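What follows is a set of notes on a single structure, which appears directly below.
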Amino acid sequence: MTVPVNSPGQPQWGPASPGRPGSPQAPVQRARNGLGAASLVLGVVGVGFGLVPFLFWLSGALGVLAVVLGLAGHGRARRGRATNKGVALAGSVLGGIATVLGIVGLLLTAVFVKDDAKGSGGTISKAPSGAASSSAPGRKPSPSAPPAQKPQPFGATHSYPDGVKVTVSKPAPYAPDASASGHRKGNRALRFTVTIVNDSDKSIDITSAVPTVRGSDGIEAEAIYDDEHATSMFAGALEPGGRATGEFAFSVPPESKTVDFQIGPQTLQYDETVWSGPVVTGTGPGTGTGPGTGTGADSDPSPVTG
């Protein structure tokens with residue numbers, strides 16, 4: 001039996017079967033463009049912050065990060081692992097600009113702070129006090145700014161140049177009722193009567209005539225309020241020729257031998273005057289003859305309306 005011989009060019013075993021797999025192909029790598037894109041975004045944001053005052057520190061930080069990511073992305077593109085070489089380069093450039101803006105902002109801030117420190121440490125013109133301004137050449141003395149004086153004794157009357165007069169009575173013992181607030185147990189309750197007379201030619205608002213009391217230790221005493229009008233503050237305007245009286249009770253520590261009482265007829269318009277003197281000794285802390293025992297010219301405990 002004769003075996004047929006394959007003709008030239010014909011495969012020895014015949015054509016490949018349709019189901020036979022071909023040769024394997026190399027896998028395709030995906031482009032890794034994340035570094036370049038992140039660099040561009042950070043560069044743009046960094047430049048934007050660099051144009052905003054007091055955000056230079058954020059601009060510099062984002063700029064440095066954009067430069068680092070941009071250079072890394074550019075190197076990845078050169079190795080063929082990324083396709084956004086231009087984007088990475090643009091991100092690096094913008095990052096550099098943002099870094100420069102951050103440095104400039106830091107330098108400008110340092111200059112401003114240094115200049116401000118020099119200005120605060122240099123010669124600064126201060127507003128003159130009431131006594132100094134009243135004696136300045138070319139200026140008329142203000143009727144509401146009398147020269148500084150020593151503390152006056154309780155019961156004395158202080159007269160302002162425009163005719164307004166203030167009198168503070170000697171402190172009298174006071175017995176707060178059960179509803180009193182501001183009085184501490186063991187302290188001495190004292191009540192003062194303040195009388196304001198307006199002999200000027202204009203109306204004054206005495207609502208802001210609120211006193212401050214300090215004991216011999218310099219600590220401010222707390223005001224006492226109760227249902228018996230331990231403290232009856234001034235209210236409203238006091239017309240020319242008018243007279244108003246207010247009652248003010250304070251809780252003073254028992255060790256205080258003297259008290260300072262400071263008040264002015266109208267805040268910001270009149271200098272406050274200080275009355276000082278010894279504390280009146282009663283039967284005990286927080287005791288006295290009862291509400292309305294002020295020794296001033298007028299001890300009407302009702303609220304005052306000018």
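None of these values were measured; they are calculated from a predicted model.
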Using modelled atom types only, decide if a donor and an acceptor are shared between the side chain of [X] and the backbone of [Y] within a distance under 3.5 Å.
X: Thr231; Y: Ile224; value: yes
X: Asp205; Y: Ser208; value: no
X: Ser251; Y: Asn187; value: no
X: Asn198; Y: Glu239; value: yes
X: Asp162; Y: Val164; value: yes
X: Arg243; Y: Thr195; value: no

Side-chain contact test, heavy atoms from C-beta onward, threshold under 4.5 Å: evaluate it for [X] versus [Y] and give yes or no.
X: Phe234; Y: Val210; result: no
X: Thr212; Y: Glu220; result: yes
X: Val194; Y: Thr245; result: no
X: Arg214; Y: Val259; result: no
X: Lys165; Y: Ile196; result: no

Point-to-point distance, once rounded to the nearest 0.5 Å, from [atom1] of [X] to [atom2] of [Y]:
X: Glu222; Y: Arg184; atom1: CD; atom2: CZ; result: 7.5 Å
X: Thr267; Y: Ile263; atom1: OG1; atom2: CD1; result: 9.0 Å
X: Asp226; Y: Ser179; atom1: CG; atom2: OG; result: 5.5 Å
X: Leu69; Y: Leu35; atom1: CG; atom2: CG; result: 6.0 Å
X: Ser203; Y: Gln266; atom1: OG; atom2: CD; result: 8.5 Å
X: Ile204; Y: Leu238; atom1: CD1; atom2: CG; result: 5.0 Å

Compile the donor-acceptor pairs under 3.5 Å between side chains in residues 44-54 and protein atoms, sequence neighbours left out, one pair per line.
none

Phe192 pairs by ring pair (Phe, Tyr, Trp, His ring centres under 6.0 Å) with which of Tyr174, Phe154, Trp275?
Phe154
Indicate the atoms forming the closest heavy-atom contact of Ala221 with Val252, along with that distance.
CB-CG2, 4.3 Å
Can you give me the closest heavy-atom contact between Gly43 and Ala66, atom names plus distance?
N-CB, 3.6 Å
According to side chain to side chain contact (heavy atoms under 4.5 Å, CB included), who are the partners of Ser216, at least two apart in sequence or on a separate chain?
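If we apply the side chain to side chain contact (heavy atoms under 4.5 Å, CB included) test to Ser216, skipping adjacent residues, the hits are Ser256, Thr258.
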Do Tyr160 and Ser200 pass the side chain to side chain donor-acceptor pair (under 3.5 Å) test, and can you show the C-alpha distance, the side-chain angles, and the key distance before you say yes or no?
CA-CA 9 Å; Tyr160 290 86; Ser200 68; over 6 Å; no
Honestly curious: do [X] and [Y] fall in one hydrophobic cluster under the side-chain, below-4.5 Å linking rule?
X: Val41; Y: Val87; value: no
X: Val213; Y: Phe248; value: yes
X: Phe250; Y: Val279; value: yes
X: Met233; Y: Val166; value: yes
X: Val67; Y: Leu62; value: no

For residues 88-112, please give each side-chain donor-acceptor pair under 3.5 Å, one per line with the distance, not counting sequence neighbours.
{"unit_1": "Ser92", "atom_1": "OG", "unit_2": "Leu71", "atom_2": "N", "d": "3.3"}
{"unit_1": "Ser92", "atom_1": "OG", "unit_2": "Ala88", "atom_2": "O", "d": "3.1"}
{"unit_1": "Thr99", "atom_1": "OG1", "unit_2": "Val64", "atom_2": "N", "d": "3.3"}
{"unit_1": "Thr99", "atom_1": "OG1", "unit_2": "Gly95", "atom_2": "O", "d": "2.8"}
{"unit_1": "Thr109", "atom_1": "OG1", "unit_2": "Gly105", "atom_2": "O", "d": "2.8"}

Hey, mind stepping through Arg188 and Leu190 against side-chain contact (heavy atoms from CB on, under 4.5 Å) and telling me if it holds?
CA-CA 6 Å; Arg188 181 183 291 110; Leu190 300 177; 3.7 Å; yes
So, using side chain to side chain donor-acceptor pair (under 3.5 Å) as the criterion, who are the partners of Asp260 when residues are at least two apart?
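If we apply the side chain to side chain donor-acceptor pair (under 3.5 Å) test to Asp260, skipping adjacent residues, the hits are Ser276.
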Can you list every pair that meets side chain to side chain donor-acceptor pair (under 3.5 Å) and has a residue in residues 32-50, with sequence neighbours left out?
Asn33-Thr83
Are any of the side-chain nitrogens in Arg191 or Glu247 under 4.0 Å away from the carboxylate oxygens of its partner?
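Salt bridge between Arg191 and Glu247, a charged N being under 4.0 Å from a carboxylate O: yes.
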Test of understanding: with ring pair (Phe, Tyr, Trp, His ring centres under 6.0 Å), list the residues that count as partners of Tyr225, not counting sequence neighbours.
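Expected list: none.
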